[in-house]
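Only one structure is covered here, and it is reproduced in the block below.
Hydrogens, waters and symmetry mates play no part in the numbers below; they use all other heavy atoms, side chains included. Chain naming here is simple, since letters A, B, ... match the order of the sequence lines and numbering starts at 1 in each. Predicted model only: the values in this text are computed from it and were never measured.
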Amino acid sequence: MPTRHAWHEAGVTTLPVMFGYLPLGAAFGILAIEVGIPAWGAVLMSLVIYAGAGQFLAVALLAAGAGLVEVAVATLMLNSRHLFYALSLLKRFQGAGWRKPYLVFALTDETYSLLTTHSGERGLDHAQAFRISLLDQLWWVLGTVAGVLIGTTLAFDSRGIEFALTALFIVLTLEQVRRLRQWLPFAIALVTGLGAVLLLPDRHLLLGAIGAASLVLLADYRRRQDPPEDDPA
Amino acid sequence: MTTVELLVYIAVCAVATFATRVLPFVALARQAEHPLILHLGRYLPPAVMMILVIYALRDFRPLADGRLNVAPDGWPVVIASLVVVGLHLWRRHALLSIVGGTGAYMAMVQLGVTP
């Protein structure tokens with residue numbers, strides 16, 4: 001695939017993320033300025049931390065005067081769902097070479113969703129995965145820059161634009177249903193997801209649901225292993 | 001807060017975030033072909049996607065407090081989501097589904113239209 005075409009395709013793929021990341025990044029920038037973080041600090045956070053909810057948490061804890069240990073523990077807890085993301089990408093990122101450290105670093109919810117859905121059976125090539133990851137972070141950083149520049153006066157009424165991320169997840173779920181044609185993972189997600197919504201506080205919700213889903217998949221794997229002739233695929 | 005303190009603070013957040021992403025790659029580098037890892041690689045992404053949808057829609061709780069939830073974010077989220085599903089089943093054009101649903105949501109939220 002010619003490089004120009006590949007970048008164009010990556011751009012189209014990441015458009016929905018752009019609609020979500022620009023306003024959310026801007027919201028982060030505005031919030032950071034409000035609590036007294038300098039503009040360069042906010043942009044640096046989006047460059048080196050690059051975690052949506054994680055950055056909002058960091059700003060909130062900073063404003064509350066939390067200590068470094070508290071911040072480290074809270075960040076680890078909030079982001080531990082990424083452990084499971086990485087588990088399911090071990091094979092896919094094999095042989096990515098110099099791109100691999102960045103692919104791992106840039107693994108947000110949204111990038112994970114794009115990479116695991118737009119792959120097909122033969123697998124997404126590493127160069128394209130890299131372009132998608134890089135563009136996603138570019139939207140996030142650009143949003144942050146816009147946020148710290150604009151401050152609190154938004155010229156464009158963008159209320160509600162963050163729904164683009166919800167829409168993206170819905171579309172990707174429908175694509176996964178079409179690709180997999182099996183009900184099991186969706187049934188597991190429905191039970192663990194709704195269970196977590198009902199039982200867990202907001203900040204532990206995603207980790208609880210994804211952790212529980214992983215455990216159920218593990219149990220399912222063990223069950224399939226029992227009769228040796230049963231093919232797990 | 002001094003510049004150095006802020007830099008240390010940001011560095012701690014960056015390391016903690018990266019740690020959660022890189023740990024399995026480092027710890028399980030040799031296990032990538034293990035059938036359990038392949039099993040998770042096949043079934044976890046669709047499950048996660050569905051959980052993210054549920055998470056994004058969590059504020060809609062029709063029977064919270066024993067009555068219909070008609071908060072500004074309740075019905076628009078559901079209606080816009082149905083627009084996305086409908087558009088996607090109809091044309092299967094990801095961008096159209098996302099832009100259509102988001103446009104519908106923004107219109108409802110900004111114009112204050114709630115059924």
Side-chain angles (χ1 to χ4, degrees), chain A residues 15-16 19 41 44-45 48-49 51 54 58 62 68 71-72 75-76 79-80 82-84 86-88 90-91 94 104-105 107 109 113 116 157 159-161 163-174 176 180 185-186 188-190 192-194 197 205-206 209-210 213-214 217 221 232, chain B residues 1 6 8-25 28-29 31-33 35-58 76-77 80-81 84-85 88-89 94-95 97-99 101-102 105-110:
Chain A
L15 263 182
F19 289 129
L44 185 66
M45 288 173 88
V48 302
I49 302 175
L62 186 74
L68 287 177
V71 172
T75 306
L76 283 171
N79 289 321
S80 39
H82 292 137
L83 292 171
F84 301 106
L87 267 184
S88 61
L90 276 178
K91 188 166 162 55
Q94 261 184 355
V104 173
F105 161 78
L107 205 54
D109 293 335
S113 307
T116 52
D157 191 352
R159 271 179 302 149
I161 201 169
F163 182 81
L165 291 179
T166 305
L168 173 69
F169 293 140
I170 293 173
V171 164
L172 293 180
T173 301
L174 291 174
Q176 293 273 7
L180 202 65
F186 303 102
I188 291 173
L190 204 61
T192 59
L194 289 179
V197 167
L205 209 160
L206 268 185
I210 292 172
S214 304
L217 282 173
Y221 169 77
Chain B
M1 176 173 262
L6 179 62
V8 170
Y9 188 90
I10 292 174
V12 167
C13 292
V15 169
T17 303
F18 186 63
T20 59
R21 291 174 181 163
V22 78
L23 197 67
F25 288 101
L28 299 170
Q31 309 294 327
E33 303 283 345
L36 171 60
I37 298 292
L38 296 181
H39 185 76
L40 284 178
R42 183 175 166 85
Y43 291 112
L44 195 56
V48 166
M49 226 60 66
M50 178 109 189
I51 287 170
L52 288 172
V53 171
I54 294 171
Y55 180 73
L57 300 180
R58 72 190 181 285
V77 162
S81 301
V84 174
V85 172
H88 202 67
L89 293 179
L95 209 54
S97 318
I98 290 163
V99 171
T102 307
Y105 182 76
M106 289 175 73
M108 283 185 280
V109 170
Q110 293 187 14

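Between B/Pro24 and A/Leu90, the closest heavy-atom pair is O-CD2, 3.6 Å. The two atoms that bring A/Phe169 and B/Met49 nearest to each other are O-CG, 4.2 Å, heavy atoms only. Here the closest heavy-atom approach between residue A/Thr173 and residue B/Met50 is recorded as OG1-N, 3.8 Å. Nearest approach of B/Ala80 to A/Phe163, heavy atoms of both residues: CB-CZ, 3.5 Å. Heavy-atom minimum distance, B/Val85 versus A/Leu174: CA-CD1, 4.1 Å. Considering every non-hydrogen atom in both A/Ala189 and B/Ile54, the closest pair reads O-CD1, 3.6 Å.
Note: B/Leu38 CG to A/Tyr221 OH = 8.5 Å, rounded to the nearest 0.5 Å. Once rounded to the nearest 0.5 Å, the distance linking OG1 of B/Thr102 with CZ of A/Phe19 reads 8.0 Å. In this structure, B/Tyr43 OH and A/Ile188 CD1 are separated by 9.5 Å, a value rounded to the nearest 0.5 Å. Note that CG of A/Asp109 and OH of B/Tyr55 are 8.5 Å apart. Values are rounded to the nearest 0.5 Å. Between the CZ atom in B/Arg42 and the CG atom in A/Leu180 there is a gap of 5.5 Å [rounded to 0.5 Å]. Separation of atoms CG (A/Leu62) and CG (B/Leu6) is listed at 6.5 Å; rounding is to 0.5 Å.
Looking only at heavy-atom pairs under 4.5 Å with chain A, the residue among B/Pro46, B/Ala47, B/Ala11 that has the most is B/Pro46. For chain B, the option among A/Ala51, A/Ala86, A/Ala72, A/Ala209 with the highest count of heavy-atom pairs below 4.5 Å is A/Ala86. Heavy-atom pairs under 4.5 Å with chain B peak, among A/Thr166, A/Leu44, A/Leu190, A/Val171, at A/Val171. The residue among B/Val8, B/Leu23, B/Val48 with the most heavy atom pairs within less than 4.5 Å of chain A is B/Val48. Listed options B/Val53, B/Leu36, B/Leu28 were ranked by heavy-atom pairs under 4.5 angstrom with chain A; first place goes to B/Leu36. Per-residue counts of heavy-atom pairs under 4.5 Å with chain B were compared for A/Gly54, A/Gly41, A/Ala167; the largest is that of A/Ala167.
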Exercise for review: Take A/Ile170 and B/His88 through the test side chain to side chain contact (heavy atoms under 4.5 Å, CB included) and record every step on the way to the result.
Suggested key: CA-CA 9 Å; A/Ile170 293 173; B/His88 202 67; over 6 Å; no

Let me check something: any side-chain donor-acceptor pairs from residues 12-20 of chain B under 3.5 Å, sequence neighbours excluded? List them with distances.
from: B/Thr17; atom 1: OG1; to: A/Asn79; atom 2: ND2; distance (Å): 3.4
from: B/Thr17; atom 1: OG1; to: B/Cys13; atom 2: O; distance (Å): 2.8
from: B/Thr20; atom 1: OG1; to: A/Asn79; atom 2: O; distance (Å): 3.4
from: B/Thr20; atom 1: OG1; to: B/Thr17; atom 2: O; distance (Å): 2.7

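A/His82 is linked by a ring-ring contact (aromatic ring centres under 6.0 Å, His included) to A/Tyr85, counting only residues two or more places apart in sequence or in another chain.
Within the 4.5 Å cutoff, side-chain heavy atoms of B/Leu52 are placed close to those of A/Leu206. Counting only heavy atoms from C-beta outward, the side chains of B/Pro45 and A/Gln176 approach each other to under 4.5 Å.
Heavy-atom distances place both the backbone and the side chain of A/Phe105 under 4.5 Å from chain B.
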